[in-house]
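First the structure, then my questions, so here it is.
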Amino acid sequence: MHEGLELDHPIAVPDKPALEGLEEKWTARWETDRLYRFDRTKPRSDVFAIDTPPPTVSGSLHVGHVFSYTHTDIIARFQRMRGKAVFYPMGWDDNGLPTERRVQNYFGVRCDPSLPFDPAFRPPDKPGKHPRPVSRPNFIELCARLTAEDEKAFEHLWRHLGLSVDWSMTYATIDRRAQRVSQLSFLRLLRAGLAYQLEAPTLWDIDFRTAVAQAELEDREQPGAYHRIRFARPGTDGHVEIDTTRPELIPACVALVAHPDDERYRPLFGSEVETPLFRVRVPVRAHALADPEKGSGVAMICTFGDVTDVVWWRELGLPVRAIIAPNGTLRPVTWGEAGWESADSTAAQQAYDQLAGLAVHKARARMVELLRASGDLVGEPRPITHAVKFYEKGDRPLEIVTSRQWFIRTMDQRPALLERGRELQWHPPYMQARFENWVNGLAGDWCISRQRFFGVPFPVWYRLRADGTVDYEARLFPDDSRLPVDPSTDVPDGYGSGQRDVPGGFTGDPDIMDTWATSSLTPQIAGGWEEDADLFSRVFPMDVRPQAHDIIRTWLFATVLRSHFEHGTLPWKNAAISGWVLDPDRKKMSKSKGNVVTPLALLEEHGSDGVRYWAASGRPGADTAFDTGQMRVGRRLAIKLLNASRFVLSRPEPHGTATAAVDRGLLTQLARLVAESTDDLEHYNYTRVLERTESFFWGFCDDYLELVKGRRYGDQGSERAASANAALLAALSAMLRLFAPFLPFATEEVWSWWRPGSVHTARWPTREEVLGACSPPVEDERGVRALEFASQVLGAIRKKKSEEQRPLKTPVLRATVRATVEDLALLPDVERDLRAAGLIHQIDALASEALQVDVELVPPDNAAERL
RNA sequence: GGGCGGUUAGCUCAGUUGGUAGAGCACCGGCUUUACACGCCGGCUGUCACAGGUUCGAGUCCUGUACCGCCCACCA
């Protein structure tokens, strides 16, 4: 049996095939036929499982999504045609700050986790002036309501693009299942000692008032200034001068530090100096991180000005004098006997009172005035530009605030994680370096708690002591079977709701999980971990994680970590890393730059196949320019496919097997293309497959079709026509299937004209199948050369006509073909095809080293031209 | 400061194990050809970033440099 050779199916070709309306027609049919439903009866070995990236629904889809999701769909369609049951779910990321902010504004509400759930709650019709407080469960309900609308729009776009997602398998990163998986995994990590709670200096965003993780940082260049400050040496007239960009932190200074080998400061190590204004005695210490080249070579250690301060503080065993409040202002401090020590607590209090309550940048300005007045500022501040750490979604520099947070262990897992990174197949391979880079640069365990409201809560309560204070050591956990729970409204076993927040009772952990703490479990959420063991065993570990390179350090890293802990395996075999879409100025396309194009409009203008064609030109990992020109080319290719198919199917009788040299040559080339393409797609080289298939297709249209046109109409008898038809049909069938992952709509349309079922569930072509249309069914190198030779001669004849500016239908009186003896031996096989295609009256052959064709056209005005 | 990628025609990019530089777009010229004018045919376009090295031979391998982009970093 050979695909394409059975003509038992009726052929129905439209007179004027067109792309318009194909998306609507076929997406509807695919849905009705449940074409992309996952077949969960298949064993793991027959399944291809995809860990689809859940797009953020509170944002809007942009052309970058269309780009990368197309890549995944190409692989999914290929694997499906290879006979795999493709597990291709879609997730919606509605967890986290973006949704929180959107729901607040849209409904005019504010989450207050201390409120009880109100089942009768209805949001105000219009947001009022003052946000209405609602309980966390009510808030989450509102989120679900709002995101449901977004999800509909997203799904419509994805369907229009032709993603072969199984739409019966969707999940949301805040839905019940995601919460349950997140909480269950957290509790298991806790039991295994892989998660823990600790009060420690933490990166802190003063606007969002939450802890953030290392992975969420970004550097931004900011103006700043070096201030040279004088520290007195008690008992001497001497001073030590330090440089700092943050003079407002002088009250938080706990030591000075210089490099142990720095001869200038060596004599000072072990001695004490006094901070200006506050006259607090602090030691001078040595540490290798101090850079003699920077500033004066000696630095002030504060609790805490930056991450280096934390390192120094920890490694030198220094005390804490914290002055930054969670809201980014300097908190009140009492100096003197009841408070902080000072050689002159009255003066210290007087100075500090001028700073307390001020925001950091205002405190800095005030501090400079105070230092200038006291004479402790040496010279004037020297403006610089320096990199400052920001929360990636934040507007003001991060501070470091000591607080109680949940962590997941990463630091002691580094060797194992590096090993997992090497196990993973990366596409492209060099992306592994980014992973290694990140793992090697980890500075601390992963802080997963956030002081926000909308997210997955920690399933933990604490006992309250008789005095009403929280006993963080006395933790209460729900049984796994109760999950998910919300400790702000649910009650721990053995307690009643009346005992909430009263002495001797309990209180819920107020925090929620970092959004990555949930999305790092997408394989478990989508695959039904601990809920549907049968499904999970068929899809996990998954085959591929498609994602962009900028979130290797977050999403990919965290997913590998969680799977490593929970299953002792990689979560997937392959990581397919997509690049970004760049605008024509080579900048990343983004909303802030105002260069975002609406994806739906693109699909409507260029057709989904056209846009997919452009997307498929981006290799894994490669940033790709936004190029409507490529979309137009793709659209043209799809149209060409319709028209060429129409021609092939216009007169398919008689049919038989390919016996003529050029026919066998065509199928030999195609068989090789099929074999290469299969291998390429197995290795995520979809770009090359499209290029080569397209190139073959154009050769097929321009040369092969022209050569056999007359013959297939019967000019050379029915046996020769049957050979041409056999090749035409076999080639069309295989080409349609090669194109199907890229141009799902045009190929499906053509397939429906003459083949039963869908091209997308047809068997992927094989080399043997294509050669099976030949008699005998083997490669024919001579036939390949015959086709090439005939194409070259035909090209020379066209060129002559073009140079003479004559119509292509101009007859050729005589063509003198000079070629090698070997090529000339092919002439009898191709001569009649050539005569018909080039309208050649006479062909003369001469032996020669190089191919050359002399063409003598019918003179203009000759009556023969009109024959 | 460390790491990763890139630099080939005006533009977007291919160039497998080293063997005479390719495609598409754009541009120019031609063609009403019964699959397609949403088309067809033909043409023009290169110091393969730069400098060395290996080799009979380098866009391809090695070393260095420059520029562009990205990731990371303990940025006083």
SB check A:Asp243 A:Arg382 (cutoff 4.0 Å): yes

Touch class at under 4.0 angstrom, heavy-atom based, for A:Lys709 against every strand present: base

Nucleotide nearest A:Asn643 when distance is taken to its side chain, options B:C36, B:U12, B:A14: B:C36

A:Tyr613 side chain near B:C25 phosphate (N/O to OP1/OP2, under 4.0 Å): no

Sugar-phosphate only, base, or nothing, as touched by A:Cys302 at under 4.0 Å among non-hydrogen atoms: nothing

Of the listed nucleotides B:A35, B:C74, B:G24, the one nearest the side chain of A:Lys389: B:C74

Touch class at under 4.0 angstrom, heavy-atom based, for A:Phe435 against every strand present: nothing

A:Glu221, CD atom: more than 12 neighbouring heavy atoms under 6.0 Å: yes

Minimum-distance nucleotide to A:Lys799 side chain [options: B:C71, B:A76, B:G42]: B:G42

Whole-Å C1' distance, B:A9 and B:G3: 33 Å

Sugar-phosphate, base or nothing in reach of A:Ala290, heavy atoms under 4.0 Å: base

side-chain hydrogen bond (donor to acceptor under 3.5 Å, both in side chains) assessment of A:Tyr613 paired with A:Glu694: CA-CA 10 Å; A:Tyr613 173 92; A:Glu694 184 187 9; 2.9 Å; yes

Strand contacts (RNA chain B) in residues 213-223 of chain A, 4.0 angstrom heavy-atom criterion: A:Gln214, A:Asp219

Plane angle bin for A:Trp614 and A:Phe626 - parallel if under 30°, tilted between 30 and 60°, otherwise perpendicular: perpendicular

Whether A:His71 and A:Phe67 hold their rings parallel, tilted or perpendicular, with breakpoints at 30° and 60°: perpendicular

Distance between P atoms of B:U63 and B:U54 (Å, rounded): 15 Å

Nearest-Å distance for atom pair CZ/C1', residues A:Arg364 and B:A76: 13 Å

NZ/NE/NH1/NH2 to OD/OE distance under 4.0 Å, A:Glu315 and A:Arg285: no

From A:Ile323 atom CD1 to A:Ile250 atom CD1, the distance as rounded to the nearest 0.5 Å: 9.5 Å

Derivation of the side-chain contact (heavy atoms from CB on, under 4.5 Å) call for A:Ile229 and A:Leu377: CA-CA 5 Å; A:Ile229 314 285; A:Leu377 178 68; 4.0 Å; yes

Nearest-Å distance for atom pair CG/C1', residues A:Asp702 and B:G39: 11 Å

Any N/O donor-acceptor pair, A:Ser802 side-chain to B:G43 base, under 3.5 Å: no

Candidate nucleotides B:C70, B:A35, B:C38, ranked by approach to the side chain of A:Ile639 - the nearest: B:C38

Gap between atom OG1 of A:Thr275 and atom CG of A:Leu249 - 0.5 Å precision: 12.5 Å

Distance, C1' atom - from B:A35 to B:G30, rounded to whole angstrom: 22 Å

Same-atom distance (C1') from B:C27 to B:A66, integer angstrom: 33 Å

Whichever of A:Glu691 and A:Asp306 has its nearest RNA chain B nucleotide further upstream toward 5': A:Glu691

Ion pair A:Glu604/A:Arg635, N-O distance below 4.0 Å: no

Touch class at under 4.0 angstrom, heavy-atom based, for A:Gln805 against every strand present: sugar-phosphate

Sugar-phosphate, base or nothing in reach of A:Ser650, heavy atoms under 4.0 Å: nothing

Atom-pair distance (OH on A:Tyr686; P on B:A14), nearest Å: 11 Å

Spacing between A:Arg646 atom CZ and B:U34 atom P, to the nearest angstrom: 12 Å

Between C1' of B:C40 and CZ of A:Phe697, the distance in whole Å: 14 Å

Sugar-phosphate only, base, or nothing, as touched by A:Arg632 at under 4.0 Å among non-hydrogen atoms: nothing

Touch class at under 4.0 angstrom, heavy-atom based, for A:Asp291 against every strand present: base

A:Arg220 versus A:Gln222, side-chain donor and acceptor atoms under 3.5 Å: no

Sugar-phosphate, base or nothing in reach of A:Trp698, heavy atoms under 4.0 Å: sugar-phosphate

Whole-Å gap separating P (B:C40) and CZ (A:Arg636): 8 Å

B:C38 and B:A49, which share atom name P, separated by this distance in whole Å: 40 Å

Interatomic distance, A:Arg382 CZ vs B:A76 P [rounded to whole Å]: 12 Å

Geometric class of the A:Phe435/A:Trp426 ring pair [parallel <30°, tilted 30-60°, perpendicular >60°]: tilted

C1' atoms of B:C67 and B:A76, separation to the nearest Å: 32 Å

Ion pair check, A:Lys709 and A:Glu706, cut-off under 4.0 Å: yes

Which nucleotide in B:A35, B:C41, B:U12 has an atom nearest any side-chain atom of A:Arg798: B:C41

Touch class at under 4.0 angstrom, heavy-atom based, for A:Val311 against every strand present: nothing

A:Arg553 side-chain N/O to B:C72 phosphate OP1/OP2 under 4.0 Å: yes

Touch class at under 4.0 angstrom, heavy-atom based, for A:Ile242 against every strand present: nothing

For atom OH of A:Tyr430 and atom P of B:C4, their distance in whole Å: 12 Å

Phosphate OP1/OP2 of B:A76 contacted by A:His386 side-chain N/O (<4.0 Å): yes

Phosphate OP1/OP2 of B:A76 contacted by A:Arg228 side-chain N/O (<4.0 Å): no

Working for side-chain contact (heavy atoms from CB on, under 4.5 Å), residues A:Ser296 and A:Tyr226: CA-CA 11 Å; A:Ser296 63; A:Tyr226 274 128; over 6 Å; no

Nucleotide pairing, RNA chain B (Watson-Crick or G-U, distances under 3.5 Å), in dot-bracket with [ ] and |: (((((((..((((.....[..)))).(((((.......))))).....(((((..]....))))))))))))....

Closest to side chain of A:Arg434, choosing from B:C25, B:C74, B:C70: B:C70

First of A:Lys640 and A:Lys16 reached from the 5' end of RNA chain B, by closest nucleotide: A:Lys16

B:A14 to B:G5 separation - P atoms, rounded to the nearest Å: 15 Å

B:A23 and B:U45, which share atom name P, separated by this distance in whole Å: 12 Å

Touch class at under 4.0 angstrom, heavy-atom based, for A:Asn437 against every strand present: base

